[in-house]
Engineer: 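Just dropping this structure here.
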Amino acid sequence: MINQDVSYTLTEGPEESAHHFARYLADFIQERNERNLPTRLILPVGPVRPYPILARMINEEKISWKNVHIFNMDEYLDWQGRPIEEDHAYSFKKFMNEFHESLHPSLSPPKDQRHFPDVYNIDDISSKIEQVGGIDLCLGGVGVHGHVAFNEPVISRFQQVTIEEFRNSKTRILSLAPETQVMNSIRTNGGSFDEFPPMAITLGMKDIMNARKIRLYCDGGTWQQEAFYQAICGKEDVRYPVTLLQDHADLQFIATKETALKVINQS
C-alpha cells in the first residue's frame, strides 16, 4: 500500500533525473544567495551523472558557491579501515575536488567549506554541521537494500539494532555489505571486485534526518525497484534504512518510471 505521506516525482529516465538534480540544486543555491543566506549541503558522490550538468549551469549562470558549505556523505576505506589515497580512481574526495575545480574560480566554494567524514576524528563533521547552523538540503541516492549514504542495514545473528538506535546513528566506519560491493563494482569498473574498496566511513542517519530538506534520486531501473518500493510502501525497518525517513517533514523522491514500476503497479 502506498504511503500517501511520502512524495515522489517521476522522470522518463536517468538523463532527466540528472537534469532535475542539477537544476534543483542550482536554483536552491541561487535563491539563498539572493536572500543573502548561507547554503549548508549534504552531497553524495552517486549519483555522479548530474555533476557535469551542474557545473555547466553554475558557470553559465554565474551562481556563486562562495557562501556554500558542503558536507560529503561518505568515503571509501581500504581493508584496514584507512582512507584510500585521494588520487585513487574511486575516491569520492577526488571526484568532488575535480567538480569544484571545474567551477570558475570566482564561483567555487572555499576549501575550508568542503568537508568529508574523517576516520581519525570521527565526530568532527557533525560538530562542523552544528557550527554552521545545520543542513538546509541533503541530496542523495538509495542503495540496493535501501541504504542512504552508506547506512547499511545492520543484520547479524548476534546483534540487533532497534529502529530508534539506527535513526540516531552517528558517523561510523563499516564493512560494506556484499551486495553493495557487487552493485557498486558492476556500475563502476565492470565487476572487478578485487579492485574495489571493501570498507567506508559514512555520515549517520541522525545528521541526514536533521536536514531541513531531503531529496533522494532513484534512477537505477530494475535493480532499484524493490528499494524504491520499500521507501514508498514499506513499513519502517532497519533492513531498508531509507524507510526510516518516511516521517521527515520535507522529503521527496525523484525516480525514473522504470525504477518506480512496482510502485506504479500498486497505484
Side-chain angles (χ1 to χ4, degrees), residues 1-32 35 37 39-44 46-51 53-54 57 71 73 134-149 151 153 163-164 166-169 203-267:
M1 183 175 180
I2 293 177
N3 186 337
Q4 299 297 328
D5 295 328
V6 182
S7 173
Y8 65 91
T9 296
L10 296 179
T11 65
E12 291 297 329
E15 280 299 326
E16 187 178 337
S17 286
H19 276 273
H20 187 291
F21 181 115
R23 185 73 269 163
Y24 184 87
L25 181 52
D27 289 347
F28 186 83
I29 294 170
Q30 179 63 10
E31 186 269 338
R32 292 185 69 83
R35 294 165 58 198
L37 294 173
T39 303
R40 289 73 54 107
L41 303 172
I42 293 176
L43 292 182
V48 299
R49 198 189 303 255
Y51 284 97
I53 303 168
L54 177 62
M57 288 179 180
F71 297 87
M73 284 182 162
I135 299 298
D136 302 299
L137 172 65
C138 171
L139 296 176
V142 177
V144 66
H145 49 220
H147 67 249
V148 180
N151 285 285
I163 288 174
E164 201 58 31
F166 202 98
R167 196 193 308 275
N168 286 295
S169 59
L203 283 179
M205 292 294 284
K206 184 174 183 179
D207 281 325
I208 291 168
M209 294 186 71
N210 282 340
R212 296 174 185 97
K213 293 178 181 288
I214 302 175
R215 299 294 182 266
L216 298 177
Y217 288 78
C218 302
D219 63 358
T222 54
W223 71 261
Q224 206 175 33
Q225 286 174 356
E226 182 64 23
F228 182 68
Y229 175 80
Q230 292 295 332
I232 303 300
C233 303
K235 295 180 180 179
E236 284 189 336
D237 191 332
V238 294
R239 294 178 302 167
Y240 282 90
V242 68
T243 60
L244 275 61
L245 300 177
Q246 289 174 346
D247 61 354
H248 189 275
D250 194 344
L251 167 69
Q252 186 174 42
F253 292 88
I254 298 87
T256 62
K257 290 181 178 179
E258 183 183 17
T259 306
L261 190 61
K262 190 172 180 179
V263 172
I264 293 169
N265 290 339
Q266 291 286 314
S267 301

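Just so it is clear, the model here is predicted, and its values are computed rather than measured.
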Engineer: If I take atom CG from residue Asp136 and atom CD1 from residue Ile42, how far apart are they, to the nearest 0.5 angstrom?
Structural biologist: 10.5 Å
Engineer: Can you name the nearest heavy-atom pair linking Val142 to Gly146, along with the distance?
Structural biologist: CG1-CA, 3.7 Å
Engineer: Could you tell me if Ser17 and Thr11 have a donor-acceptor pair between their side chains, going purely by distance under 3.5 Å?
Structural biologist: yes
Engineer: Taking ring-ring contact (aromatic ring centres under 6.0 Å, His included) as the test, write out the residues that go with Phe21, two or more places apart.
Structural biologist: Tyr51, Tyr217
Engineer: For the residue pair Leu25 and Leu43, establish whether any side-chain heavy-atom pair is separated by less than 4.5 Å.
Structural biologist: yes
Engineer: At what distance, to the nearest 0.5 angstrom, does CZ of Phe28 lie from CZ of Arg215?
Structural biologist: 8.5 Å
Engineer: Do the side chains of Lys235 and Asp237 get close enough for a salt bridge, i.e. N-O under 4.0 angstrom?
Structural biologist: no
Engineer: Among Lys213, His19, Gln252, exactly one meets side-chain contact (heavy atoms from CB on, under 4.5 Å) together with Tyr24. Which residue is that?
Structural biologist: Lys213
Engineer: Answer yes or no: is there a side-chain heavy-atom contact under 4.5 Å between Val6 and Leu245?
Structural biologist: no
Engineer: Test side chain to side chain contact (heavy atoms under 4.5 Å, CB included) on Val263 and Tyr8 and set out the steps.
Structural biologist: CA-CA 10 Å; Val263 172; Tyr8 65 91; 3.6 Å; yes
Engineer: For a quick test of reading the model, state the closest non-hydrogen atom pair linking Pro44 to Pro47 and the distance between them.
Structural biologist: CG-CD, 4.2 Å
Engineer: What verdict does the side chain to side chain contact (heavy atoms under 4.5 Å, CB included) test give for Leu244 and Asn151, after you've listed the backbone C-alpha separation in whole Å, the side-chain angles of each residue and the deciding distance to 0.1 Å?
Structural biologist: CA-CA 11 Å; Leu244 275 61; Asn151 285 285; over 6 Å; no
Engineer: Residues in ring-ring contact (aromatic ring centres under 6.0 Å, His included) with His145, at least two apart?
Structural biologist: His147
Engineer: Quick one: closest heavy-atom pair of Gln224 and Asp219, and the distance?
Structural biologist: OE1-N, 3.0 Å
Engineer: Mind checking the CZ-CG spacing from Arg212 to Asn210? Nearest 0.5 Å is all I need.
Structural biologist: 9.5 Å
Engineer: Drop me the distance from Ser169's OG to Met205's CE, to the nearest 0.5 angstrom.
Structural biologist: 6.5 Å
Engineer: Would you say the side chain of Asp247 lies within less than 4.5 Å of the side chain of Met209, judging by non-hydrogen atoms?
Structural biologist: yes
Engineer: Quick one: are Leu137 and Ile29 in side-chain contact, heavy atoms under 4.5 Å?
Structural biologist: no
Engineer: Rounded to the nearest 0.5 Å, what separation is found between the CD1 atom of Ile208 and the CZ atom of Arg167?
Structural biologist: 13.0 Å
Engineer: Rounded to the nearest 0.5 Å, what's the gap from CZ on Arg40 to CZ on Arg32? Could you check?
Structural biologist: 5.5 Å
Engineer: If every non-hydrogen atom of Val144 is compared with every non-hydrogen atom of Ala227, which pair is closest and at what distance?
Structural biologist: O-CB, 3.6 Å
Engineer: Provide the closest heavy-atom pair for Phe228 versus Ala260 in the form atom of the first, atom of the second, distance.
Structural biologist: CE2-CB, 3.5 Å
Engineer: Please enumerate all residues that pass ring-ring contact (aromatic ring centres under 6.0 Å, His included) together with Tyr240, with sequence neighbours excluded.
Structural biologist: none
Engineer: Does Ala231 offer a backbone N or O that forms a donor-acceptor pair with the side chain of Gln246 under 3.5 Å?
Structural biologist: yes
Engineer: Can you establish whether the number of heavy atoms outside Arg239 located under 6.0 Å from its atom CZ is more than 12?
Structural biologist: no
Engineer: Is any side-chain heavy atom of Pro241 less than 4.5 Å from a side-chain heavy atom of Val148?
Structural biologist: no
Engineer: Could you report the tightest heavy-atom contact between Met57 and Ala26, atom names first, then the distance?
Structural biologist: SD-CB, 4.3 Å
